[in-house]
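Written below as structure tokens is the structure these notes are about.
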Amino acid sequence: MPTTPATAANSSSNSTAEAIMLELVDENGTTIGTAEKLAAHQPPGQLHRAFSVFLFDEQGRLLLQRRALGKYHSPGVWSNTCCGHPYPGEAPFAAAARRTYEELGVSPSLLAEAGTVRYNHPDPASGLVEQEFNHLFVGMAQDQLHPDPEEVGETAFVTADELTEQHARAPFSAWFMTVLDAARPAIRELTGPSAGW
């Protein structure tokens with residue numbers, strides 16, 4: 001994965017632990033400042049830029065990940081393919097592609113913008129708040145996955161019906177249904193009507 005100024009400055013492999021900074025935005029998604037990642041998620045939460053990725057295989061199945069148990073936010077729950085936060089000054093599209101590779105070891109063979117959604121979701125388990133202006137992306141995953149075990153506990157490709165069953169019996173991230181519903185028009189366009197999304 002190429003190193004950019006943003007990834008070099010925010011790399012987790014740096015010998016000194018640096019604060020991860022997020023872009024704060026207004027209700028229109030215009031950047032208004034920065035905040036440290038954990039501070040931005042403390043109640044009541046600060047509105048910040050985020051992204052969510054939904055990747056599908058050639059059969060129209062959605063790639064889900066179960067977040068690693070060691071993550072400080074929403075550990076052990078299922079969620080969309082990948083989600084995260086652009087570094088200040090990093091384009092959401094670039095951040096989505098970068099983070100998908102970092103977490104899952106795969107570069108999407110197709111990645112397209114699918115709109116934005118703004119939400120405020122408290123997470124009762126952690127006490128943190130997701131106050132986000134989220135950029136949505138849909139695409140295809142056609143290469144073999146190589147998940148980072150510090151980020152991803154498990155992966156699964158699911159059909160729309162299988163997702164409904166899994167969502168009823170397993171814990172999912174607080175933001176999952178909001179971002180999925182917002183991305184559905186682009187998902188249907190990508191996967192076609194027969195996939196059932």
Side-chain angles (χ1 to χ4, degrees), residues 22 25 27 29 41 45 47-68 71 73-86 92-93 95-104 106-126 128-142 145 147 151-197:
L22 307 184
V25 300
E27 293 293 337
H41 289 87
L47 183 59
H48 58 274
R49 195 176 310 283
F51 64 83
S52 289
V53 177
F54 297 86
L55 296 184
F56 295 82
D57 65 11
E58 292 177 351
Q59 290 77 49
R61 298 180 303 168
L62 172 60
L63 173 58
L64 298 177
Q65 69 155 280
R66 187 173 59 81
R67 295 165 61 85
K71 292 181 78 73
H73 192 341
S74 302
V77 301
W78 287 94
S79 198
N80 48 294
T81 307
C82 179
C83 53
H85 310 92
F93 183 92
R98 170 184 58 80
R99 197 68 188 135
T100 300
Y101 183 82
E102 290 173 355
E103 290 191 8
L104 295 160
V106 64
S107 294
S109 55
L110 168 74
L111 191 63
E113 294 183 13
T116 60
V117 63
R118 191 259 195 256
Y119 52 80
N120 177 3
H121 286 305
D123 177 31
S126 67
L128 300 175
V129 177
E130 289 290 0
Q131 185 88 248
E132 295 187 330
F133 188 95
N134 197 307
H135 297 255
L136 308 171
F137 298 92
V138 299
M140 301 291 293
Q142 295 176 307
L145 303 176
E151 299 287 345
V152 180
E154 188 178 351
T155 61
F157 281 96
V158 297
T159 66
D161 288 342
E162 289 168 341
L163 175 61
T164 300
E165 294 169 11
Q166 186 169 346
H167 191 261
R169 69 174 191 274
F172 272 73
S173 64
W175 61 88
F176 176 74
M177 287 308 298
T178 299
V179 293
L180 175 63
D181 287 343
R184 279 188 198 273
I187 290 171
R188 290 183 185 120
E189 186 175 334
L190 176 71
T191 60
S194 62
W197 294 103

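Bear in mind that the values here come from a model prediction, so they are computed numbers and not experimental data. For reference, positions follow the sequence shown, starting with 1.
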Write down the atom of [X], the atom of [Y], and the distance for their closest heavy-atom approach.
X	Y	result
S109	A141	OG-N, 4.5 Å
A160	G196	CB-O, 3.5 Å
A50	P86	CA-CD, 4.0 Å
L47	F133	CD1-N, 3.7 Å
N120	P122	O-CD, 3.7 Å

Between E154 and Q65, does a side chain to side chain contact (heavy atoms under 4.5 Å, CB included) hold up when you go through it step by step?
CA-CA 6 Å; E154 188 178 351; Q65 69 155 280; over 6 Å; no
Under 30°, 30 to 60°, or over 60°: which ring-plane class applies to F172 and H167, parallel, tilted or perpendicular?
tilted
Please list, one pair per line, the donor and acceptor atoms closer than 3.5 Å that link side chains of residues 55-63 to other protein atoms, with sequence neighbours excluded.
residue : atom : partner : partner atom : Å
D57     : OD1  : Q59     : N            : 3.0
D57     : OD1  : G60     : N            : 3.2
D57     : OD1  : R61     : N            : 2.9
D57     : OD2  : R61     : NE           : 2.7
D57     : OD2  : R61     : NH2          : 2.7
E58     : OE2  : Q142    : NE2          : 2.7

Side chains of [X] and [Y]: closer than 4.5 Å at any heavy-atom pair?
X	Y	value
L111	M140	no
L104	T81	yes
L163	W78	no
E103	P147	no
W175	S79	yes
L190	L110	yes
C83	R67	yes
L136	T116	no

Evaluate the salt bridge (Lys or Arg N to Asp or Glu O under 4.0 Å) criterion for residues E151 and R99: first the C-alpha distance (whole Å), next the side-chain angles of each, then the deciding distance (0.1 Å), finally the verdict.
CA-CA 10 Å; E151 299 287 345; R99 197 68 188 135; 2.9 Å; yes
Is a donor from one side chain sitting under 3.5 angstrom from an acceptor on the other, for [X] and [Y]?
X	Y	result
E132	H85	yes
H73	E130	yes
T164	D161	no

Run Q131 and R118 through side chain to side chain contact (heavy atoms under 4.5 Å, CB included) and show every step you take.
CA-CA 8 Å; Q131 185 88 248; R118 191 259 195 256; 2.6 Å; yes
How far apart are the C-alpha atoms of S52 and F176, what are their side-chain angles, what is the distance that settles it, and do they pass the side chain to side chain contact (heavy atoms under 4.5 Å, CB included) test?
CA-CA 9 Å; S52 289; F176 176 74; over 6 Å; no
Is the number of heavy atoms from other residues, nucleotides or ligands under 6.0 Å of E113 CD greater than 12?
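12 or below, so no.
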Sub-6.0 Å ring centroid separation between F93 and F137
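Centroid separation for F93 and F137: below 6.0 Å.
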So, using side chain to side chain contact (heavy atoms under 4.5 Å, CB included) as the criterion, who are the partners of E165 when residues are at least two apart?
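In terms of side chain to side chain contact (heavy atoms under 4.5 Å, CB included), with neighbours along the sequence ignored, E165 is linked to R169.
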Can we say E189 and R184 salt-bridge, meaning some charged N sits less than 4.0 Å from an Asp/Glu carboxylate O?
no
For V106 and Y101, what are the C-alpha separation, side-chain angles and deciding distance, and is it a side chain to side chain contact (heavy atoms under 4.5 Å, CB included)?
CA-CA 5 Å; V106 64; Y101 183 82; 5.9 Å; no
Give, for atom CG of N80 and atom CZ of F54, the distance between the pair rounded to the nearest 0.5 Å.
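Spacing of CG (N80) from CZ (F54) equals 4.0 Å.
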Can you tell me how far SG of C82 sits from CZ of F51, rounded to the nearest 0.5 angstrom?
5.0 Å
Qualifying residue for side-chain contact (heavy atoms from CB on, under 4.5 Å) with H41, from V129, D123, L128:
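Of the listed options, the one satisfying the test is L128.
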